[in-house]
Asks: 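This is the structure, below, for whatever I ask next.
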Amino acid sequence: SGYITFRMNGRDLACELEEVREVVRAIGIEPLAGTRAPVSGMIELRNDPLPVVDLRSDAYPGEEGDVLVLNPLDGGSYGVAVDRVLAVVSEDELVVEEDATPAGLPPYVTRVLRRPEDKAPVMLVALRMLAGLETSGTA
């Protein structure tokens with residue numbers, strides 16, 4: 001168990017390690033005409049098409065970003081493109097904030113974590129919900 005930390009729109013986020021099967025570079029994402037939101041394109045991953053929800057910002061021009069390939073559920077596999085993956089960290093490398101999640105955060109934020117060294121917040125997110133692949137009422 002642990003977390004994958006990643007950067008999106010200038011913010012450090014994390015997701016549960018169990019949500020992700022692998023990480024690949026976001027190279028060759030092809031837009032797909034006629035796809036329904038939230039899917040915005042696809043990549044070929046080992047000769048198989050992988051639908052991708054592209055959450056990348058323009059914060060890192062010239063960098064392709066990374067795709068978090070989600071562990072498959074009933075709906076199949078999806079990729080979530082983010083600005084860049086930072087690290088895979090163990091549970092003890094991020095401290096769980098004891099207070100309840102602050103009001104006003106989006107429903108995909110499940111908890112606020114902090115780095116022990118600088119107390120910087122890292123939002124723990126439900127990746128499928130962040131990507132719009134499920135709502136808070138589905139699991």
Side-chain angles (χ1 to χ4, degrees):
S1 63
Y3 307 106
I4 294 180
T5 58
F6 57 96
R7 183 157 284 249
M8 196 177 77
N9 297 315
R11 174 91 43 203
D12 287 358
L13 303 175
C15 67
E16 299 280 349
L17 191 55
E18 294 80 23
E19 287 187 83
V20 178
R21 183 177 77 207
E22 64 184 297
V23 176
V24 297
R25 296 294 294 157
I27 297 172
I29 296 178
E30 296 287 330
L32 288 175
T35 58
R36 286 185 256 149
V39 173
S40 54
M42 68 153 250
I43 60 173
E44 267 196 54
L45 185 61
R46 290 180 289 283
N47 294 321
D48 287 326
L50 178 73
V52 174
V53 176
D54 196 343
L55 302 177
R56 293 176 295 173
S57 68
D58 296 326
Y60 301 97
E63 290 188 32
E64 282 91 12
D66 295 302
V67 174
L68 301 168
V69 180
L70 304 179
N71 274 318
L73 292 178
D74 294 339
S77 291
Y78 288 92
V80 178
V82 298
D83 290 337
R84 64 182 158 168
V85 170
L86 302 172
V88 175
V89 299
S90 64
E91 286 182 334
D92 59 348
E93 291 179 73
L94 292 172
V95 178
V96 176
E97 193 163 271
E98 295 302 320
D99 298 336
T101 302
L105 290 177
Y108 57 78
V109 175
T110 60
R111 176 175 283 159
V112 178
L113 307 171
R114 295 205 179 263
R115 291 194 194 97
E117 66 274 7
D118 60 7
K119 303 294 184 206
V122 178
M123 305 299 164
L124 181 62
V125 300
L127 202 49
R128 279 182 172 72
M129 193 180 301
L130 172 68
L133 296 169
E134 67 181 36
T135 62
S136 58
T138 62

Asks: Who pairs with Glu44 by side-chain contact (heavy atoms from CB on, under 4.5 Å), at least two apart in sequence or on another chain?
Replies: Met42, Asn47
Asks: Could you tell me whether the side chain of Arg25 and the main chain of Gly65 form a donor-acceptor pair under 3.5 Å?
Replies: yes
Asks: Can you tell me how far CE of Met8 sits from CG of Leu130, rounded to the nearest 0.5 angstrom?
Replies: 4.5 Å
Asks: Is any side-chain heavy atom of Leu127 closer than 4.5 Å to one of Ile4?
Replies: no
Asks: Are Val80 and Val125 connected in the hydrophobic side-chain network, where two residues link if heavy atoms are under 4.5 Å apart?
Replies: yes
Asks: Of all heavy-atom pairs between Leu55 and Ala131, which one has the smallest distance, and what is that distance?
Replies: CD1-CA, 4.3 Å
Asks: Okay, side chain of Asp83, backbone of Asn9: is any donor-acceptor separation there less than 3.5 Å?
Replies: yes
Asks: Restricting to non-hydrogen atoms, name the atom on Asp66 and the atom on Arg84 that form the minimum distance, rounded to 0.1 Å.
Replies: OD2-CA, 3.3 Å
Asks: Do Val85 and Leu94 sit in one hydrophobic cluster, given that two such residues count as connected whenever their side-chain heavy atoms are within less than 4.5 Å of each other, even indirectly?
Replies: no
Asks: Check Ser77 against Pro51 and note the closest heavy-atom contact, atom names and distance.
Replies: O-CD, 3.6 Å
Asks: Roughly how far, to the nearest 0.5 Å, is CD of Glu117 from CD of Glu93?
Replies: 9.0 Å
Asks: Give the minimum heavy-atom separation between Arg21 and Pro72, together with the two atoms involved.
Replies: NH1-CD, 4.2 Å
Asks: How about Asp12 and Thr5: do any of their side-chain heavy atoms sit closer than 4.5 Å?
Replies: no
Asks: Determine the minimum heavy-atom distance between Cys15 and Glu19, stating which atoms define it.
Replies: CB-OE2, 3.6 Å
Asks: Membership question, hydrophobic clusters at under 4.5 Å side-chain separation (ILVMFWY): are Leu105 and Leu113 in the same one?
Replies: no
Asks: List in chain and number order the residues that pass side-chain contact (heavy atoms from CB on, under 4.5 Å) with Ser40, two or more places apart in sequence or in another chain; answer none if no residue qualifies.
Replies: Asp54
Asks: Mind checking whether Val82 and Met123 sit in one hydrophobic cluster, side chains of I, L, V, M, F, W, Y counted as touching below 4.5 Å?
Replies: yes
Asks: Side chain to side chain contact (heavy atoms under 4.5 Å, CB included) for Leu133 and Leu70? Distances and angles first, verdict last.
Replies: CA-CA 11 Å; Leu133 296 169; Leu70 304 179; 3.8 Å; yes
Asks: Would you call Val122 and Tyr3 a side-chain contact if the rule is heavy atoms closer than 4.5 Å?
Replies: no
Asks: Check the surroundings of atom CZ in Arg11: do more than 12 heavy atoms from other residues, nucleotides or ligands lie under 6.0 Å from it?
Replies: no
Asks: Residues sharing Val24's hydrophobic cluster, by side-chain heavy-atom contacts under 4.5 Å among ILVMFWY, directly or via others?
Replies: Ile29, Ile43, Leu45, Leu50, Val52, Val67, Val69
Asks: For the residue pair Asn71 and Glu18, what are the closest heavy atoms and their distance?
Replies: ND2-O, 2.5 Å
Asks: Check whether Tyr108 and Leu124 end up in the same hydrophobic cluster, where Ile, Leu, Val, Met, Phe, Trp and Tyr are linked by side-chain heavy atoms less than 4.5 Å apart.
Replies: no
